[in-house]
Amino acid sequence: MALEKKKIVLLPGDGIGPEIMRVAVRVLQDCAVEFGHQFEFAEFPFGGSAIDQAGEPLPATTLAACRPADAILLAAIGGPKWDAQPPAKRPESGLLALRKALGLYINLRPIDVRAPLRSLSPLRADRAVDIHIDFVRELAGDIYFGEHRVEVGAHGERATDVAIYTTAEVESVATYAFARAQARKGHLASVDKANVLATSQVWRKTVTRMAADYPGVKVEHLYVDNAAMQLVLAPAQFDVILTSNMFGDILSDLGAALAGSIGLIPSMSIGPGPSLYEPIHGSAPTLAGKDVANPVGTILSAAMMLRESFGLEREARSIEAALDRLFEKGIRTPDIAEPGTTRVGCAEFGEQLCAEMAAVSHQPKRADHGA
Ligand code: IPM
Ligand code: MG
């Protein structure tokens, strides 16, 4: 059965965003031809470039286009040009507003140390093995979405940031994490700061209660400071890590560093409507326009989109396998180049990846596609 045409909204954003998006779209287009699918792409302004064009980081037309889409692919936003703006006029506010508007409450960030890139990890060789961690980060609550206030007093300013979690919010994201752990190695580490924070106490109590419904999942609770240490000392112990919005932001960057470059990590944000896929890195303004950015996080995000939103497992695998073969051959963007490897630019990396995908023909498999 042929797949219906899929409508994909593209948000290239700022900095290196447009360059890495171009490569990811090229890979998706080749994939569509190879496997006989139809993807319809529509690009919209978002982030700093949208501030420049429309005066706000999330224009109403962009949000309106995202709502009925089958999936959304975002590259990167932000840059020094907008850093001095008040919070509401910053690119980051657009991202938070988009997450909120689409109800994206789950953020999945897989940290996989890919075998051909193991030597990139800053960890000692014996620790950089078997690292396959799925971070499940809560994305719609916590200190990110509570009140942020600065009051000016006689002796300086007084700032407040409010963190809130309800039982229902914890249950929603934890349900996903338990299911994910069940489908993987059956190990769930819930990370909080229950020795200090009230939100963490609700978090831990809820996860502990839910654990009874998942006898096949081994649940462990860690304080966030210990989790940071364990991630560096013994990362192979982790399978699925469930954590709050704030802790997930911090720990997933640490996780990305273990994989050798933040440029390699994709993510998926899930809500009731279309899911949003984006690399976890930023817009790297200093690299923009130089054709040196690493498109792999965006390409892997696109592969994740094929798998998770469209059920196209084989197509996702063909992209991931071609990437690994390219890495084996030593084709690398500058951020992951090592002695003896061939340094290529962002666009050239995309070309070589498409050639690598084409080299392994999927034609025979296409014949059984309708079966
Ligand atoms: C991320 C980013 C965002 C976050 C910023 C840009 C608001 O760091 O997606 O991890 O903190 O969630
Ligand atoms: Mg972050």
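Whatever order the structure lists them in is the order used to number ligands and atoms, beginning at 1.
The distance criterion of under 3.5 Å between nitrogen or oxygen atoms is not met by Glu92 with respect to ligand 1.
Inclusion of Asp249 in the first shell of the Mg ion (ligand 2) is supported: an N, O or S atom falls under 2.8 Å.
Residue contacts with ligand 1 for Arg109 involve side-chain atoms from C-beta outward but no N, CA, C or O (heavy atoms, distance under 4.0 Å). Contact annotation for His281 and ligand 1: no heavy atom of the residue comes within less than 4.0 Å of the ligand. The side chain of Arg99, and not its backbone, has at least one atom closer than 4.0 Å to an atom of ligand 1 (non-hydrogen atoms only; side chain from C-beta on).
The closest approach between any non-hydrogen atom of Arg137 and ligand 1 is below 4.0 Å.
Looking at Lys193 and Asp225, a side-chain N of the basic residue comes within less than 4.0 Å of a carboxylate O on the acidic one, giving a salt bridge. Ion pairing of Arg149 with Glu151 is present here, as a side-chain N (NZ or NE/NH1/NH2) and a carboxylate O approach within less than 4.0 Å.
Ring geometry for Phe349 against Phe327 counts as tilted: the plane angle lies between 30° and 60°, on a 0 to 90° scale. Using bins of under 30°, 30° to 60° and over 60° for the plane-to-plane angle, the ring pair Phe41/Phe39 lands in the perpendicular bin.
In terms of protein heavy atoms, atom 4 (C) of ligand 1 is closest to Tyr144 OH, 3.4 Å. Nearest protein neighbour of atom 2 (C) of ligand 1, counting heavy atoms only, is Asp249 OD1, 4.0 Å.
Neither side chain, Asp14 nor Trp82, offers a donor N or O lying under 3.5 Å from an acceptor on the other.
Environment of CZ in Arg180: crowded, with over 12 heavy atoms of neighbouring residues, nucleotides or ligands closer than 6.0 Å.
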